[in-house]
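As structure tokens, the structure follows; a few thoughts come after it.
Reminder, nothing fancy here: chain letters follow the sequence lines and each chain counts from 1.
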There are 2 protein chains.
Amino acid sequence: MNQVKEFHTLQEKVTDMIRESIFTQVYKPGERLIQDELAARFGVSRMPVREALRCLEREGLVAFLPHKGAQVIGFRREDIEELYYLRALLEGITVQKSMNFLTKKDRTELNTLVEKMDQDIDNNDMDSFITHNHQFHMLLQKGCNWKKIKLLTKEFIEGYPAHVPSLIPKTMFVSNEEHKQMLRALELKDPIMLRQLVENHIMRAGNALTQVIE
Amino acid sequence: MNQVKEFHTLQEKVTDMIRESIFTQVYKPGERLIQDELAARFGVSRMPVREALRCLEREGLVAFLPHKGAQVIGFRREDIEELYYLRALLEGITVQKSMNFLTKKDRTELNTLVEKMDQDIDNNDMDSFITHNHQFHMLLQKGCNWKKIKLLTKEFIEGYPAHVPSLIPKTMFVSNEEHKQMLRALELKDPIMLRQLVENHIMRAGNALTQVIE
DNA sequence: CAAGCACGGATTGGATACAATCCAAAAAAA
DNA sequence: TTTTTTTGGATTGTATCCAATCCGTGCTTG
């Protein structure tokens, strides 16, 4: 079931590839991203590259200087802390507001996702785990009718280094146990508890990441 | 001293103009933004329009559907509430973290800005007030070394309807009195108090806005 | 008569071409 | 030698052109 990602436009594809390159340090913080270079590298024209860079600017991965182009934003330890603090805060609020609007179908779906992640752990299939983890977090906040905050957390969830490879293996298990606790909070219909769990979940992940980076 | 805004690129100019058109309801929520039309309207080619739309997407004013273009995002009452709640939360955190890193020069600058706003009130110069208000809020969070959150609050401050014209006259005075309280918190070196003031300041503005909209 | 299919206009997505801007190094002046 | 000017290459910003996609309308066919 090797799901191949489908892209509607070239631009989305390019966005993903550049982001990947930034995470994998092909382009290092502070480095200038020359549009021609990227275009040649990916075999496209400069136009989708430009739009991709705009998207990455929105995600906070690059910065635009007029007539000077895009620069990779640096990742200091503090940046990671900030990121996870923010994500914890926002995602906490989102799930709290979301909970009571989740349908029975959503809840069973969440259960199966947790089961799938258990399997992923057994198979040591990181990519699949990451995908299911994304789906879990996205579904958990589906019920929230606040659009902007959902957009933001979506960016955090998709855009940021869940990929950091050295991190994942150690924490997959702990992570999923925490997911199970969330399911419990869901059964108890306790939004505050759920929010707390989500906040802690993300902060823990953040702390783990900063420690690995040291 | 009628400060004329300087644009580095056409794209920035177009972005501003489209945003203005959205705020002034030239383009209404849900309406599709046809690139050719915008390009003709502003006398430029479609290219800067496209990039402008991307920027506005980032600001949350429009949404992109692949191969269907951009749509103006709707503003329901609830959206406003969300927006101001978020902005209050984020800007509160930002100024709390910023305060202790503001220089003496920054503080005097903040004072003069408040004085200028008092003058603007006397002259009933809304545009100038809005500008100074922006500058005040931006400067107040200058000391914060968290980049992402600053980017977000910047978007909120610049991107959202401080412009709503019917609102401003009534609240300019109250608003600036609250600014003065913030300056006091600054003198007392009390970041928690400052944060509280900022949160209330923004929530009050939000509530005023929702009431006007009804 | 209804359902599906094909065609065409409208609109977006992408490529290529050209103009404006920046930056650094070399040349000229003090 | 130091400062200013200029000049050219590199890179971004904008325009124009072409291709891919979508969507509605009208025709075909069962």
Side-chain angles (χ1 to χ4, degrees), chain A residues 4-22 26-74 151 158, chain B residues 4-22 26-74 151 158:
Chain A
V4 176
K5 219 165 179 180
E6 272 295 326
F7 296 102
H8 298 166
T9 69
L10 242 190
Q11 176 258 101
E12 295 178 40
K13 195 154 132 189
V14 174
T15 306
D16 263 40
M17 291 197 291
I18 298 179
R19 186 176 28 232
E20 193 68 24
S21 298
I22 291 176
V26 174
Y27 296 109
K28 299 200 174 57
E31 193 169 340
R32 250 181 96 190
L33 295 172
I34 283 97
Q35 301 176 357
D36 273 327
E37 196 180 306
L38 292 167
R41 192 180 215 287
F42 299 127
V44 298
S45 92
R46 260 178 52 216
M47 197 82 17
V49 171
R50 288 176 65 112
E51 299 222 328
L53 288 174
R54 287 270 174 228
C55 290
L56 294 172
E57 182 194 23
R58 175 183 58 183
E59 295 180 10
L61 282 178
V62 308
F64 262 84
L65 310 177
H67 294 111
K68 287 188 62 178
Q71 245 187 341
V72 179
I73 295 278
L151 206 122
E158 292 185 346
Chain B
V4 176
K5 217 164 182 182
E6 272 295 325
F7 296 102
H8 298 161
T9 69
L10 241 191
Q11 176 259 107
E12 295 178 40
K13 194 155 133 190
V14 174
T15 306
D16 262 41
M17 291 196 291
I18 298 178
R19 185 176 27 231
E20 194 69 23
S21 298
I22 290 176
V26 175
Y27 296 108
K28 299 202 175 58
E31 194 170 337
R32 251 182 95 189
L33 295 172
I34 282 97
Q35 300 177 357
D36 272 326
E37 195 181 306
L38 292 167
R41 193 180 214 286
F42 299 126
V44 300
S45 92
R46 258 179 55 214
M47 198 79 18
V49 172
R50 280 169 61 168
E51 299 224 327
L53 289 175
R54 286 267 173 230
C55 290
L56 293 172
E57 183 195 24
R58 176 184 56 181
E59 294 179 11
L61 282 178
V62 307
F64 262 85
L65 309 178
H67 294 111
K68 287 188 62 179
Q71 242 187 343
V72 180
I73 293 279
L151 205 122
E158 292 183 348

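Within the nucleic acid shown, B:Glu51 has no heavy atom closer than 4.0 Å to any nucleic acid atom. Within 4.0 Å of A:Leu53, counting heavy atoms only, lies no atom of the nucleic acid at all.
Annotation: side chain of A:Phe64 is not in contact with side chain of B:Thr9 (no heavy-atom distance under 4.5 Å).
Nucleotide D:dC18 holds its P atom 20 Å from the CG atom of A:Leu10, rounded to whole Å. Rounded to an integer number of Å, the gap from A:Gln11 CD to D:dA20 P is 18 Å. Atom C1' of nucleotide D:dT11 and atom NZ of A:Lys68 are separated by 12 Å, given to the nearest angstrom. Straight-line distance from the CG atom of B:Asp36 to the P atom of D:dT14: 17 Å, rounded to whole Å.
When distances run from any side-chain atom of B:Gln35 to the nucleotides C:dG13, D:dA15, D:dG13, the shortest one goes to C:dG13. When distances run from any side-chain atom of B:Arg46 to the nucleotides D:dA15, C:dT12, D:dT12, the shortest one goes to C:dT12.
Between the side chain of B:Arg54 and the backbone N or O of A:Arg58, no donor-acceptor pair lies under 3.5 Å. Without hydrogens or angle criteria, B:Gln71 side chain to B:Gly30 main chain gives a donor-acceptor distance under 3.5 Å.
Side-chain atoms of B:Arg50 and base atoms of C:dG14 include a donor and an acceptor less than 3.5 Å apart.
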Given A:Leu33 and A:Leu56, is the side-chain contact (heavy atoms from CB on, under 4.5 Å) satisfied, shown in steps?
CA-CA 12 Å; A:Leu33 295 172; A:Leu56 294 172; 5.8 Å; no
